[in-house]
**Student:** 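Dropping a structure here in structure tokens format, bear with me for questions.
For ligands, and for the atoms within them, numbers begin at 1 and follow the listed sequence. Reckoned from all heavy atoms, side chains included, excluding hydrogens, waters and symmetry mates. Predicted model, so just to flag it, every value in this text is computed and none were measured.
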Amino acid sequence: MRFVPVPSHRERIPGGEVKGRIILADGTVPLREYAGGVKCVYIDPPFNTGGSFVMRQKVGEKDWAGDKSSLTVPAYSDRNESREEYHAFLRSLIFSAWTLLDGRGVFFLHLDPRESAWARIMCDDVFGADHFVNEIIWSYQSGGRTTKRFPTKHDTILFYRKGRDMDFDLKAVPIRREDNRKNHMRRQVDENGRAYRTIRSGGKIYTYYDDDPVYPGDVWTDISHLQQRDPRRTGYDTQKPQALLERVLLPVTLPGDLVADLCCGSGSTGAASAALGRPFLMTDVSSLAVLTARRRLVDCDLTVDLPSAADGGELECECVREGDSLIFTLKSYGKGGLDEADTWAVGENRDGVFTVSALSRRTRETPALAASLSMPASPFAAVEITDVYGKRSVWMEEKDKYDE
Ligand SMILES: C[S@@+](CC[C@H](N)C(=O)[O-])C[C@H]1O[C@@H](n2cnc3c(N)ncnc32)[C@H](O)[C@@H]1O
């Protein structure tokens with residue numbers, strides 16, 4: 001049985017509770033379809049480092065069962081011809097975000113000290129200086145420490161609102177009280193057993209209960225970068241912790257509010273949105289980014305706009321009909337064996353839209369792909385594979401010319 005590659009520009013994974021869309025697209029080009037419909041845009045673009053970034057990919061069952069990621073694939077480049085070129089990119093991105101936002105929408109731009117001053121001026125231009133809300137400092141301890149100057153240990157997140165008003169609930173993000181904060185205060189216990197401390201200031205007595213919630217200021221020191229062995233690490237360079245995105249989204253959105261990220265990378269914004277019940281829209285120019293985000297979010301009601309590769313590679317697959325079902329058995333993909341296949345799915349491919357009926361993805365818990373997948377019998381039946389190089393391919397059984 002011979003399968004031939006067929007064109008497909010979109011994948012639909014129906015069924016999940018949270019709706020999400022990931023598009024292989026340039027974030028600087030405003031998405032007209034969503035203009036004025038987004039509540040919060042967060043963007044963590046390249047920082048103008050001059051570097052190139054990679055993804056450390058797990059390949060096959062052996063890597064997924066262990067700690068290794070044996071393949072390094074280029075993910076994206078942060079090299080620019082000139083600073084002006086980078087600034088033109090950043091300005092277009094900020095304008096794109098502005099276009100997407102609704103009248104009460106808010107914008108977060110995540111950079112580091114290299115370009116944050118320029119970005120502030122650009123955001124003032126696009127949003128209006130009086131719509132500046134906060135400059136958040138995300139301070140962390142990880143990474144190397146130079147001794148030639150003070151080590152750079154923070155990123156800057158600029159926060160703007162589009163219109164005159166915005167929705168903001170600081171109480172949505174209570175944090176742990178620092179134990180040492182009130183050491184100089186006298187600790188007492190009230191009649192209900194609650195610990196509290198008092199301090200006299202300006203002739204008044206202030207009382208603080210130890211279990212009263214406290215809220216973050218604009219310097220965040222309590223969220224660390226993902227550790228090397230964190231199971232949520234995708235291998236995509238520059239992945240931000242989901243907790244950081246949840247801190248950003250919780251005060252400014254409610255379940256159901258649309259969240260967008262125009263440079264989504266590994267999809268941390270989508271992961272945080274999905275966890276909080278917010279629908280999401282994400283774009284990236286790297287197909288590896290789109291597929292990394294997709295593999296994190298396959299449990300959502302997901303639409304992925306990523307064209308299938310023209311050179312579908314080699315696929316060996318069998319298909320048998322049992323009653324009203326088709327049973328596909330995957331034998332080999334790419335250079336042989338199944339190691340290069342990261343996920344595979346069966347479903348219908350109609351007018352270039354592949355709708356998933358069943359999908360198998362490698363995880364730490366299930367390092368091997370399912371050998372067989374089934375779907376209802378259909379003349380549009382197709383097989384889809386995404387591979388470790390960031391390629392998506394769709395195949396259909398070759399029709400015998402006498403069948404036509
Ligand atoms: C710093 S990474 C984002 C990391 C992401 N926040 C995460 O947690 O994984 C920047 C991303 O911007 C993407 N990018 C660069 N230029 C872009 C453009 N013009 N449009 C959309 N994405 C772009 C890169 O491919 C890269 O994935």
**Student:** Test of understanding: with salt bridge (Lys or Arg N to Asp or Glu O under 4.0 Å), list the residues that count as partners of Arg79, not counting sequence neighbours.
**Tutor:** none
**Student:** Can you list the steps and then say if Thr386 with Arg295 is a side chain to side chain donor-acceptor pair (under 3.5 Å)?
**Tutor:** CA-CA 10 Å; Thr386 65; Arg295 79 163 354 268; over 6 Å; no
**Student:** Looking at Arg21, Arg12, Glu11, which hits side chain to side chain donor-acceptor pair (under 3.5 Å) with Thr303?
**Tutor:** Arg12
**Student:** Could you tell me if the ring centre of Phe107 sits under 6.0 Å from that of Tyr160?
**Tutor:** no
**Student:** According to the interplanar angle, ranging from 0 to 90°, do the rings of His87 and Trp118 count as parallel (below 30°), tilted (30 to 60°) or perpendicular (above 60°)?
**Tutor:** tilted
**Student:** In terms of the angle between their ring planes, are His110 and Tyr42 parallel, tilted or perpendicular, with boundaries placed at 30° and 60°?
**Tutor:** perpendicular
**Student:** Residues around ligand 1, heavy atom under 4.0 Å from any ligand atom, sorted by chain and number. Can you pull those?
**Tutor:** Ala25, Asp26, Gly27, Asp44, Pro45, Pro46, Tyr76, Phe89, Tyr236, Thr238, Gln239, Lys240, Leu262, Cys263, Cys264, Gly265, Ser266, Ser268, Asp284, Val285, Ser286
